[in-house]
Amino acid sequence: MNKSLLKTLLPVLILIIAVIAIFSCTYVVQENEYACVVRFSAIVETRSNAGLYFRIPFVDQIKYYNKATNLYDLAESEVLTADKKNMTVNSYILWKISDPKTFYQTLGSTGEAEARLDVLTYNSLKNTMGTLQQTQIINPGNTGGREDLYLTVTREVAEAASVYGIEVVDVKVKRLDLPEDNEAAVYQRMISERNQQAEKFIADGEYQASLIRNEVDKQVNITISDAEVQAAQTIASGEEEYMKILAEAYNTKEKQDFYEFTKALETLSASLDGQSKTVILGKDSELVRLLMGQKE
């Protein structure tokens, strides 16, 4: 009975042992990962291509690392600017493993890598922002300065992290906040500066407007003066022409007497153009002579 059971179980045991041996001698690498073969605490081989590979069973251990880009959100931290003002920085870093062997030898795990990146990023932000005034950082019009800040921090962190087999893709500051104790004071100072700029712009505009008005008034006065001179010249020319016409029209004694007679009648008519019909004239008046029919 025992021999019969042993004969039945023996193939099963052999199959199990064979399966265990096969799995112990092989390992699989996926598309999105690195595989490091560790033998006696030392990496003897690194695989980056997907596939099935062999190893020494019970001796070689396999360490897998992700190839994908990792997002690490750093905790908020405070830094000092060049003018000794506190600012709260909230940032993140994109990174990936570029050299799995170096990564294993220097750090060994993702948690240790993020802790090291945290320190590198904070030190770079502290040193870089320590060279800038607070107004240079929070000024809305100084976007170019902030871009330079991001590029500088990314470059410094990438250079420092390369010794760990890490490639830093990007470092970005999500928010640059003021501490609550001086946030209101800074905003008030910004409002005051903007009001001063607005007053300066208004004063400059009023000054330019006064210059324009003065120039316009000057041109108007010159135009009016020129027009008055031209009008006076035209009137004088007209009167001169009028006198010439009169002289030509009344060039004899009879014509002159007739002209004087008609002018006297016009004067008399104008004098009697009212309610009163009484006219007081001197005895030597030309009108008296004409009315009385006296001759010279």
Side-chain angles (χ1 to χ4, degrees), residues 32-36 38 41-43 46 48 63-190 193:
N32 62 340
E33 64 185 6
Y34 297 108
C36 298
V38 181
S41 301
I43 293 181
T46 300
S48 59
K63 291 286 186 180
Y64 293 100
Y65 295 111
N66 196 346
K67 287 182 180 180
T69 300
N70 302 287
L71 170 64
Y72 176 51
D73 198 353
L74 282 74
E76 288 188 355
S77 58
E78 289 192 359
V79 297
L80 279 176
T81 59
D83 49 352
K84 307 303 179 184
K85 302 292 182 62
N86 281 331
M87 293 197 70
T88 302
V89 183
N90 190 340
S91 56
Y92 68 88
I93 183 171
L94 298 175
W95 67 280
K96 61 183 179 180
I97 299 173
S98 59
D99 186 347
K101 182 176 181 179
T102 303
F103 182 83
Y104 172 79
Q105 292 172 341
T106 55
L107 298 174
S109 67
T110 300
E112 183 64 27
E114 291 179 343
R116 194 63 55 90
L117 290 171
D118 197 325
V119 173
L120 294 176
T121 306
Y122 172 74
N123 288 338
S124 180
L125 283 170
K126 180 182 68 175
N127 295 333
T128 305
M129 293 179 64
T131 62
L132 302 173
Q133 302 287 330
Q134 189 181 72
T135 53
Q136 293 178 278
I137 300 172
I138 63 177
N139 188 349
N142 191 26
T143 55
R146 285 195 291 273
E147 287 299 326
D148 292 340
L149 169 65
Y150 302 153
L151 292 175
T152 300
V153 173
T154 301
R155 184 180 65 253
E156 292 180 354
V157 176
E159 291 176 356
S162 62
V163 298
Y164 303 114
I166 292 176
E167 177 186 349
V168 174
V169 179
D170 195 11
V171 178
K172 277 290 186 293
V173 176
K174 295 190 292 184
R175 292 182 61 187
L176 284 169
D177 293 330
L178 302 171
E180 294 182 359
D181 55 352
N182 67 344
E183 183 174 1
V186 171
Y187 284 152
Q188 188 61 39
R189 187 178 73 249
M190 292 175 63
E193 291 175 354

Evaluate the side-chain proximity of Val89 to Met129: yes if any heavy-atom separation is below 4.5 Å, no if none is.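 Met129 reaches Val89 side chain to side chain.
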Indicate yes or no: at least one non-hydrogen side-chain atom of Trp95 is less than 4.5 angstrom from one of Thr110.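 Result yes, sub-4.5 Å side-chain heavy-atom pair found.
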Write out all pairs satisfying salt bridge (Lys or Arg N to Asp or Glu O under 4.0 Å) with one or both partners inside residues 65-74, taking only residues at least two apart or from two chains.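 Only Asp73-Lys174 qualify under salt bridge (Lys or Arg N to Asp or Glu O under 4.0 Å).
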[X] [atom1] to [Y] [atom2] distance, which is reported to the nearest 0.5 Å:
| X | Y | atom1 | atom2 | result |
| --- | --- | --- | --- | --- |
| Ile166 | Glu114 | CD1 | CD | 9.0 Å |
| Asp170 | Thr154 | CG | OG1 | 5.0 Å |
| Ile97 | Thr69 | CD1 | OG1 | 11.0 Å |
| Glu112 | Phe103 | CD | CZ | 9.0 Å |
| Thr102 | Gln105 | OG1 | CD | 6.0 Å |
| Ser48 | Glu33 | OG | CD | 11.5 Å |

Donor-acceptor check, side chain of Ser98 to backbone of Gly165, threshold 3.5 angstrom: yes or no?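 Yes: the side chain of Ser98 pairs with the backbone of Gly165.
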Carefully, step by step, assess Thr121 and Tyr72 under the rule side chain to side chain contact (heavy atoms under 4.5 Å, CB included). CA-CA 11 Å; Thr121 306; Tyr72 176 51; over 6 Å; no
How far apart are the closest heavy atoms of [X] and [Y], and which atoms are they?
| X | Y | result |
| --- | --- | --- |
| Tyr164 | Leu107 | CB-CD1, 3.6 Å |
| Asn70 | Lys96 | ND2-CA, 4.2 Å |
| Tyr65 | Gly108 | OH-O, 3.1 Å |
| Leu74 | Asn90 | O-OD1, 3.9 Å |

Can you list the residues that meet the side-chain contact (heavy atoms from CB on, under 4.5 Å) rule with Ala158, with sequence neighbours excluded?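 Once residues adjacent in sequence are excluded, the partners of Ala158 under the side-chain contact (heavy atoms from CB on, under 4.5 Å) criterion are Val168.
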Let me see the working for Leu125 and Val173 under side chain to side chain contact (heavy atoms under 4.5 Å, CB included), right down to the final yes or no. CA-CA 9 Å; Leu125 283 170; Val173 176; 4.0 Å; yes
Which pairs with one or both residues in residues 122-131 pass side chain to side chain donor-acceptor pair (under 3.5 Å), sequence neighbours excluded?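 Output for this query lists Ser124-Glu156.
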